[in-house]
Amino acid sequence: SKNKAERKGANKETEANKDGSIEWGMLELKAAEITVTIPVTWKLEAMAVDQFMSFFLTELKLQISEAKIEGAIYGTGEDDMEGITVNAITETYSGTVVDVFKSNLAALDAKKKIGAKAYISTTAAEELQFAQDGSGAYIFPIAAGLPKTLAGYSLEVDPYLHDGDIIVGNLQRYARMNVTEAMSVTKDVSGKK
């Protein structure tokens, strides 16, 4: 949704300012759920060591957290969450990681560049770290690691991005995710089997 803030009124200390307003285009909210059912027999639970169930629940929480992250980035919005890539400007590139930065930045208008960060996949980070100039010297010295910024944009390696993917933008401003219910675990006990 696009919003437009309007401010009218005096800027003098002795005068009251007039009410401002924010006009929204269309705000559409969608709901998505991540659910997993894992049957555990009472016999398995009885035979397992005491730490089994807490270990099991920790693993389950990890898997659901990873599914939530995947959905927040790549979800299609059809049968799952709508990820940030759904409405993103997609730029396909050939060449180096530096080429994709140029391509991504050229696709963003000046307003969308405000507060933007660059999120790069692990493989893109590796490619960038080992990039060499024409004489074979590393562009970024290996001992120093990757730079904290690139072209003035904060650079962050995101291990959840797919191989080669790079996202440039201000996600705090242009992406929203509300969590209506924190993760919960329900245990259904059945003695039938």
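Values below: every heavy atom of this structure, side chains too, minus hydrogens, waters and symmetry copies.
- Both L150 and V168 are part of a single hydrophobic cluster, where members link through side-chain heavy atoms under 4.5 Å apart.
- Applying the 6.0 Å contact sphere to OH of Y174 captures more than 12 heavy atoms from other residues, nucleotides or ligands.
- In this structure, N170 contributes its side chain and I114 its backbone to a donor-acceptor pair below 3.5 Å.
- Looking at S154, its side chain never comes within 3.5 Å of a backbone N or O of K117 through a donor-acceptor pair.
- Between L155 and P147, the closest heavy-atom pair is CD2-O, 3.5 Å.
- In this structure, E127 and I120 have side chains that are not in contact, with every pair of non-hydrogen atoms separated by 4.5 Å or more.
- Contact detail for I34 and A67: the closest heavy-atom pair is CD1-C, 3.9 Å.
- For K113, the NZ atom is densely surrounded, since the number of other residues' heavy atoms within 6.0 Å is greater than 12.
- D79 CG: 12 or fewer foreign heavy atoms inside a 6.0 Å radius.
- Proximity of a side-chain donor or acceptor of Y119 to a complementary backbone N or O of L161 within less than 3.5 Å is not detected.
- Rounding to the nearest 0.5 angstrom, the gap separating the CD1 atom in I89 from the CG atom in D109 is 7.0 Å.
- Two different hydrophobic clusters hold V157 and I84 under the rule that ILVMFWY side chains link at heavy-atom gaps under 4.5 Å.
- Note that the CG atom of N87 and the CD atom of E82 stand 5.0 Å from one another [nearest 0.5 Å].
- Side-chain contact, S103 with D99: no donor N or O sits under 3.5 Å from an acceptor N or O.
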#### Entry: side-chain contact (heavy atoms from CB on, under 4.5 Å) between F140 and Q129, intermediate numbers included
CA-CA 6 Å; F140 303 109; Q129 179 67 72; 4.0 Å; yes

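- Taking CG from D158 and OG from S121, the interatomic distance works out to 9.0 Å, rounded to the nearest 0.5 Å.
- With contacts defined as side-chain heavy-atom distances shorter than 4.5 Å, the pair D165/I73 does not qualify.
- Atom CD of residue E70 and atom CE of residue M81 lie 10.5 Å apart, to the nearest 0.5 angstrom.
- When hydrophobic clusters are built by joining Ile, Leu, Val, Met, Phe, Trp and Tyr residues whose side-chain heavy atoms come closer than 4.5 Å, directly or via intermediates, F130 is not grouped with I139.
- Y74 and I167 fall within the same hydrophobic cluster, defined by Ile, Leu, Val, Met, Phe, Trp and Tyr side-chain heavy atoms under 4.5 Å apart, directly or through other members.
- For the atom pair CG (N104) and OH (Y153), the distance works out to 10.5 Å, reported to the nearest 0.5 Å.
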